[in-house]
Amino acid sequence: MSEKLIELAKRRGIFWPSYEIYGGVAGLYDIGPIGVRIKNKIIELWRRYFIYDNSEFVVEIETPMITPYKVLEASGHVENFTDPIVECTKCHKIYRADHLIEELAKINVEGLSPSELDRIIREKGLKCPACGGELGEVRLFNLLFTTNIGPYTGNQGFLRPETAQGMFTSFKRVFEAFRQKLPLGIAQVGRVARNEISPRQGLIRMREFTIMEVEFFFDPESNVNPPLEKFGNMKLNILRGEDKLKNEKPKEYSIEELLKEKIVLNPWMLYWMATAAKFVTALGMKSYYFEEKLPHERAHYSKQTFDQIVVIGDEKVEISGHAYRTDYDLSRHMKYSGQDMTVFKKYDKPKTIKRKIVVINKDSLNKEDKEFVKNFMSFISSKKPEEIEEFINANEKVNGKNISNYVKILEKEEKVNGEKIIPHVVEPSFGVERCLYLTLLNAYKEKEGRIVLSLPKYLAPYDVAVFPLLEKEELINKAKEVYNLVRERFDTIFDDSGSIGKRYARADEIGVPYSITIDPQTLVDNSVTIRDRDTWQQIRVNINDIVSVLERLFKGEEFNKVGKVINNENE
RNA sequence: GCGGCCGUCGUCUAGUCUGGAUUAGGACGCUGGCCUUCCAAGCCAGUAAUCCCGGGUUCAAAUCCCGGCGGCCGCACCA
């Protein structure tokens, strides 16, 4: 099945392995002329569901692929995307070196370098737990592609493994430009790179690919709820972590159930999962479910993760991931950059709160010698008012002098208009090439020994094809006239080579939903035939009506309702 | 990364085991012409493969050997 699709993809210019003339590189693919058209339509469809339909609170930005070291250090990718691995020289099993040592030697090796881990393995004489073989050298495996920024080798950078960090690092800017409102979704469609150990399965696992994702920022304490009502009584298939352990199948849940039972921890995450369900349906997928990831399967930043799995025949492919990233990323960037990533949240009414403040008695302190002042100040400087109060009550002394002579704690009433919070984030994330592959696989049909790419109309690379029935000059000229008329409104392709059957077949193979044929009767009564890709039925319409008839078809009207089906079969 | 199988025109493949007259053959596609009043029709002509790359063995390598790259499958990996 997928071999046939790959063969079609190469032949018709949908996608193929990159750098083929040099032998190719695993995990890198070109998208061809037809593929780019379909891919662009998929991206545009995604934008409609995730951005345009949510334009009250979602905006789109673009940030660079090249990312400074510090950013991915803060995000945890440098640490967590890098694994020390060790391979058995005999049976070639690969282990996480740190996990292996912790398990076999029961020592904590957190933060040790590969060479230190290696030393421990030699010292303790650790062997492969599977076969007892000698272990090889510990080396680092990092899924991040490294590069240098500028001409100096000192300034290391990476190619981003996700677009998300761009949204986090520019969050405050977008927030300001968005007039400081939460919730705020920041979307991005962009290329990312992951240096996979052994990429396989074509477009499913690539070393460089396109991600479409939304980082959705919200106040976890807010009572602003997502507009879940827009999904009506939609149901979602969910495989919960606990059910997965019991080898059970996904179960159907209503939105209310998922929310009330806290099966999905956050209502906004649920909102985007339901949106993802609608989008994937629009791609033409019939069967999919959401699988909850177990704690050890989750990324370092995630509190809860669901993968959306599409099922086509025997193939199960992860089409999207939904992670509850909490305030992990913004907090880390705050810490590593020293910048304030918080959002000021205004209360409905100002609150008055009681706050303890430290008041230093300068008069008495200034009478003391410098040595005492220094010691005294260093004693209180890093302490909270509450701690100092305790010391005062306990008659704490500095240099033999009671501190209560020099400092006192007052309680003050303050009017507070709001507070600084770090927004939480949920993230729906799609791989575009996976969407493309699954859409193609799903659309791939064979009819009477011929290939038909039965794409949803709005994803087809061209809307319409225009052909002369025969290679006769007057028909070709008329066909070009019609072509020029139709292309003003639709993506149109013209073909006058080969026989009419061949032209239909070519159009079917790249999924063009409608083909217009100019035949001798056109020259008599100005009518043409329109052929439906999936049924191969034809209707006859006047040239002046072509555009309006096509518009009705693209709006979803049934083929045999917009015109009378005619019989053009040969005897 | 390991192991098994595999790599020949744009595509699918014959030939490889058993090295040599094979000018590396076919089918489909593609291009041009003729024909053709609706589904890859027919006829004619043309097009295209340094047989994945590099090295070795040999008088002689698509064919045997080694290495690399790539693909498929299994194992491992897949924050």
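So that the names make sense, note that chain A is the first sequence line, chain B the second, and so on, each numbered from 1. The figures that follow rest on heavy atoms only: side chains count, while hydrogens, waters and symmetry mates do not.
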Measure the distance from [atom1] on [X] to [atom2] on [N] and round it to the nearest whole Å.
X         : N      : atom1 : atom2 : value
Lys10(A)  : U13(B) : NZ    : C1'   : 13 Å
Gln201(A) : C72(B) : CD    : P     : 8 Å
Asn195(A) : G1(B)  : CG    : P     : 11 Å
Ile530(A) : C39(B) : CD1   : C1'   : 17 Å
Glu448(A) : A40(B) : CD    : P     : 9 Å
Ile6(A)   : G70(B) : CD1   : P     : 16 Å
Glu473(A) : C35(B) : CD    : C1'   : 17 Å
Gln538(A) : C39(B) : CD    : P     : 9 Å

Verify the distance criterion only: is there a donor paired with an acceptor across the side chains of [X] and [Y] at less than 3.5 Å?
X         : Y         : value
Thr210(A) : Lys39(A)  : yes
Gln521(A) : Asp525(A) : yes
Arg540(A) : Ser527(A) : yes
Gln304(A) : His322(A) : no
Arg503(A) : Thr517(A) : no

What's the gap between [N] and [M] when it is taken at their [atom1] atoms, as a whole Å value?
N      : M      : atom1 : answer
U16(B) : C73(B) : C1'   : 23 Å
G20(B) : G15(B) : C1'   : 14 Å
G10(B) : C77(B) : P     : 40 Å
A21(B) : A45(B) : P     : 28 Å
C28(B) : C66(B) : P     : 39 Å
G70(B) : U31(B) : C1'   : 31 Å
G54(B) : C75(B) : P     : 35 Å
A49(B) : U11(B) : P     : 12 Å

More than 12 heavy atoms from other groups under 6.0 Å of CD on Glu446(A): yes
Hey, does [X] reach any base, or is it just sugar-phosphate, or nothing, if we go heavy atoms under 4.0 Å?
X         : value
Glu509(A) : base
Phe467(A) : nothing
Leu470(A) : base

Looking at Trp16(A), is Arg11(A) sitting on its ring face, NZ or CZ under 6.0 Å from the six-membered ring centre and within 45 degrees of the normal? no
Tell me, please, whether Tyr504(A) has Arg531(A) positioned over its six-membered ring: NZ or CZ under 6.0 Å from the ring centre and within 45 degrees of its axis? yes
Picking from [options], which would you name as closest to the side chain of [X]?
X         : options                : value
Val25(A)  : G70(B), A40(B), C39(B) : G70(B)
Leu469(A) : C39(B), U37(B), G71(B) : U37(B)
Arg205(A) : C12(B), C77(B), C72(B) : C77(B)

Partner of [N] by Watson-Crick or G-U wobble geometry, both contacts under 3.5 Å, or none?
N      : value
G29(B) : U47(B)
C34(B) : G42(B)
C5(B)  : G71(B)
C64(B) : G56(B)

For a quick check, tell me whether the side chain of [X] and the base of [N] share a donor-acceptor pair closer than 3.5 Å.
X         : N      : value
Arg450(A) : C39(B) : yes
Arg503(A) : C39(B) : no
Arg200(A) : G70(B) : no
Tyr22(A)  : C53(B) : no

5'-most contact on RNA chain B: Pro520(A) or Glu7(A), nearest heavy atom basis? Glu7(A)
Starting from the 5' end of RNA chain B, give me the residue, Arg540(A) or Tyr29(A), whose nearest nucleotide shows up first. Arg540(A)
Does Ser499(A) place a side-chain N or O at less than 4.0 Å from the phosphate oxygens OP1/OP2 of A41(B)? yes
Without swapping roles, check the side chain of Asp545(A) against the backbone of Val541(A) for a donor-acceptor pair under 3.5 Å. no
Would you say the side-chain atoms of Gln308(A) pair up with the backbone N or O of Phe290(A), donor to acceptor, closer than 3.5 Å? no
For RNA chain B, find the residues of residues 64-78 of chain A with a heavy-atom distance under 4.0 Å and give them by number; none if there aren't any. none
If you take the centroid of each ring, where Trp contributes its six-membered ring, are Phe494(A) and Phe467(A) closer together than 6.0 Å? no
For A21(B), does the glycosidic angle fall within 90° of 0 (syn) or outside that (anti)? syn
Could you tabulate the donor-acceptor pairs under 3.5 Å formed by side-chain atoms of residues 422-429 of chain A, not counting sequence neighbours?
residue	atom	partner	partner atom	Å
His424(A)	ND1	Tyr324(A)	OH	2.7
Glu427(A)	OE2	Arg325(A)	NH1	2.6
Ser429(A)	OG	Glu213(A)	OE1	2.9

Contact list (N/O, under 3.5 angstrom) for nucleotides 26-34 of chain B vs protein:
residue	atom	partner	partner atom	Å
C30(B)	OP1	Arg506(A)	NH1	2.1
U31(B)	OP2	Ser497(A)	OG	3.1

